[in-house]
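Heavy-atom basis, side chains included; hydrogens, waters and symmetry copies ignored.
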Amino acid sequence: METRIVTGERAPEADRTLLEGLRRAERWSAEIIAGHSAQDIAEREQCSPRHILRTAHLSGLSPRIKAAIVEGRQPVDLTLDRLIRDDIPLDFRTQEARYGLDPRRPC
């Protein structure tokens, strides 16, 4: 559980936990695509296969969401825990609306 208090304008700041989660998601997704099982990855990483699959699913986030996270301009309530626990829609525009990206702001 995480609580954040935000006042005034917020300067872009990278969320290290979220960035590391994206890195793991990309790596684990690539391993699964290459034929490695979630069970094998989980044993190596000392976590559950379910966690591997839920995290790997983040590799399907919209490029705009990924860019916002890398640049540190993601909405303050967008956390790794929220993404892992959520059923992420496949449609990028639906994802962006759900996670609070401004549709008028370019990539």
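In this structure, Ser59 and Ser29 approach most closely via the heavy-atom pair OG-OG, 3.1 Å. Shown here for Ile52 and Ala38, the closest heavy-atom pair between the two residues is CG1-O, 4.0 Å. Between Leu53 and Ile32, the shortest heavy-atom distance links the atoms CD2-CD1, 3.9 Å. Of all non-hydrogen atoms in Thr55 and Ala25, the two that sit nearest each other are O-CB, 3.0 Å. Of all heavy-atom pairs spanning Ala42 and Ser48, the tightest one is CB-C, 3.6 Å.
Formation of a donor-acceptor pair under 3.5 Å by the Lys66 side chain with backbone atoms of Gly60 is not found in this model.
Remark: Arg93 engages no residue in a salt bridge (charged side-chain N to carboxylate O under 4.0 Å, His left out) (not counting sequence neighbours). Every residue two or more places apart in sequence or in another chain that forms a salt bridge (charged side-chain N to carboxylate O under 4.0 Å, His left out) with Asp86 is listed here: Arg98.
Leu78 and Phe92 sit in two unconnected hydrophobic clusters of ILVMFWY residues. Membership requires side-chain heavy atoms under 4.5 Å apart, directly or through other members. The hydrophobic clustering, which links ILVMFWY residues whose side-chain heavy atoms are closer than 4.5 Å, places Tyr99 and Leu80 together. Two different hydrophobic clusters hold Trp28 and Leu22 under the rule that ILVMFWY side chains link at heavy-atom gaps under 4.5 Å.
Note that CG of Asp15 and CD of Glu20 are 11.5 Å apart. Values are rounded to the nearest 0.5 Å. Atoms CZ and CG, on Arg64 and Leu101 in that order, are 5.0 Å from each other to the nearest 0.5 Å. In this structure, the separation between OG1 on Thr79 and CD on Gln74 is 10.0 Å, given to the nearest 0.5 Å.
Sorted by first and then second residue, the salt bridge (charged side-chain N to carboxylate O under 4.0 Å, His left out) pairs involving residues 45-58 (not counting sequence neighbours) are Arg54-Asp87.
Considering only heavy atoms from C-beta on, Ile84 comes within 4.5 Å of Leu58 through its side chain. By the 4.5 Å heavy-atom criterion applied to side chains, His57 and Leu83 are not counted as neighbours.
Between the side chains of Ser62 and Gln95, not a single donor N or O lies within less than 3.5 Å of an accepting N or O.
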